[in-house]
2 protein chains.
Amino acid sequence: MAKKTDLRVKRTRKLINDAFLKFIEEKGFEAMTIQEIADEALINRATFYLHYDDKYDLLEKMSADVIQELTSVINPPFVQADQEVNIERLKGSVTNVYQCIQKHQMFYQVMLGENGINGFRNNLEEVIREKFDRHIKEVVKDPNQFQIPEDLLLHFISAAFVAVIQWWLNQEEKPTPEEMANQLTKLITQGPIQTAGVKIE
Amino acid sequence: MAKKTDLRVKRTRKLINDAFLKFIEEKGFEAMTIQEIADEALINRATFYLHYDDKYDLLEKMSADVIQELTSVINPPFVQADQEVNIERLKGSVTNVYQCIQKHQMFYQVMLGENGINGFRNNLEEVIREKFDRHIKEVVKDPNQFQIPEDLLLHFISAAFVAVIQWWLNQEEKPTPEEMANQLTKLITQGPIQTAGVKIE
DNA sequence: TGATTAATTAACACTATGTTGTTTACAATG
DNA sequence: CATTGTAAACAACATAGTGTTAATTAATCA
């Protein structure tokens, strides 16, 4: 973060961000106009263009900031050299992730919500996939140990991971980050069927 | 489906649909204009408005048709009265789903692809979730058998399910529907970690 | 306080939208 | 095959949003 010397800039950016989030929540990204953002932020429309190229630019910059912070709290190795998952370490990282999301709850809620930005979800998945991928490539020596294509596995996990986040954000009474880490761990170690308490033929 | 008696209507609709898909693939939904659709479809712009309110209306109508066909091939019960999953039946339904997608491959590829419509993915997940939900409610008598909230489980499964479809559509050399059914079955019965051949502490 | 730089204002050309009224062409019927 | 209903074409319109510019005002920093 470069220091924003001028207070006016800081204030204007914040007003724009707030207005933007408000409208995404209320009417969705596509429906909002720059004039509306400006009105809500109590700035002139031309001022908006002094800060961002267009609303897509604004969206990208806001997302990038938050996602960057999130990735910084995911830290492998979850899998040790002996091919065992380190459950505690895994839970630790998941807990960190949920705490980070909690910190920016409003933002995530809006971006992943009903009227949210669907591209944001893809970004999240991609970022998670990359983290896992890099780690797996370090640890796994024998590609044949996979029962299915590695890439397929990564897509499965990252999508499920983000879906669980999305579910969590929609709950009135949110389980704690630690509880979420436990539930997610059950799901990916036992699989959803056994977690549902259903026997397998 | 009401019968479209008039050939002209049939033709115009098809031309619009084709142009629409072409532009989604090329430049994405938001970037395309109705003028462009009309030019590509070799019809007058005003003609477009005789058939659809706007491009969102067109999108909805196209999606609804295809999703409707997809849901019709998912047929529970996968879980029997004795609380055992019927693996064969499950594989059968999954195979049907992939065959149905294969039939409209171009459409799904575009809609779920790089430049695709992200709301479409949500629709798919929702539809799958509902199917499963209705079935689960019939079979499961004791809500305590779940180790985690049922709703969370449903979100996990449906998101993973659609993610695997998405992965499949992006493969140059696509596994057969039967192979996909096998791989998906492994993932949801054993869980991703064991499927990766990694031991659990 | 004075210098700097952000924000305001009003005007501009441009592009897309959705609608309307009239005319033309065609497809399905008896 | 002629008739009739209706889809499609066409042209013109008002409306709304975009992105840019140049001159002016006002807030902030040092």
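Every chain is numbered from 1, with letters handed out A, B, ... down the list of sequences.
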Take the protein atom [atom1] of [X] and the nucleotide atom [atom2] of [N], then report the distance between them rounded to whole Å.
X: B:Ile37; N: C:dG18; atom1: CD1; atom2: P; result: 11 Å
X: A:Met32; N: D:dA16; atom1: CE; atom2: C1'; result: 17 Å
X: B:Lys55; N: C:dT15; atom1: NZ; atom2: C1'; result: 13 Å
X: A:Tyr56; N: D:dG19; atom1: OH; atom2: C1'; result: 14 Å
X: B:Ile16; N: D:dA9; atom1: CD1; atom2: C1'; result: 14 Å
X: B:Asp53; N: C:dT19; atom1: CG; atom2: C1'; result: 13 Å
X: B:Ile34; N: C:dT19; atom1: CD1; atom2: P; result: 10 Å
X: B:Asp39; N: D:dA9; atom1: CG; atom2: C1'; result: 14 Å

B:Lys14: which residues meet the salt bridge (charged side-chain N to carboxylate O under 4.0 Å, His left out) condition with it, sequence neighbours left out? B:Asp18
Of all residues at least two apart in sequence or in a different chain, which pass the ring pair (Phe, Tyr, Trp, His ring centres under 6.0 Å) check with B:Phe120? B:Phe107, B:Tyr108
Residues A:Lys91, A:Glu178: salt bridge by 4.0 Å N-O rule: no
Partners of B:Asp142 by side-chain contact (heavy atoms from CB on, under 4.5 Å), sequence neighbours excluded? B:Asn144, B:Gln145
Summary of ring pair (Phe, Tyr, Trp, His ring centres under 6.0 Å) pairs that have at least one residue in residues 56-80 of chain B, sequence neighbours excluded: B:Phe29-B:Tyr56, B:Phe78-B:Phe132, B:Phe78-B:His135
Give the table of side-chain donor-acceptor pairs shorter than 3.5 Å for residues 149-165 of chain A, with sequence neighbours excluded, one pair per line with atom names and distance.
from     : atom 1 : to       : atom 2 : distance (Å)
A:Asp151 : OD2    : B:Trp167 : NE1    : 3.1
A:Ser158 : OG     : A:Leu154 : O      : 3.0
A:Ser158 : OG     : A:His155 : O      : 3.4

Nearest listed nucleotide, side chain of B:Tyr49, among C:dT19, D:dT18, C:dA16: C:dT19
How long is the straight-line distance from CD1 of B:Ile193 back to CD1 of A:Ile188, given to the nearest 0.5 Å? 4.0 Å
Summary of side-chain hydrogen bond (donor to acceptor under 3.5 Å, both in side chains) pairs that have at least one residue in residues 183-194 of chain B, sequence neighbours excluded: A:Gln147-B:Gln190
Based on the rotation axes of five pairs at each end, what angle does the helix from C:dA13-D:dT18 to C:dG30-D:dC1 bend through, to 10°? 20°
Test side-chain hydrogen bond (donor to acceptor under 3.5 Å, both in side chains) applied to B:Glu130 - qualifying residues, sequence neighbours left out: none
Quick tally for nucleotides 2-14 of chain C: nucleotides whose base has a protein heavy atom under 4.0 Å get B, sugar-phosphate-only ones S, the rest -, giving ---BBBBB-----
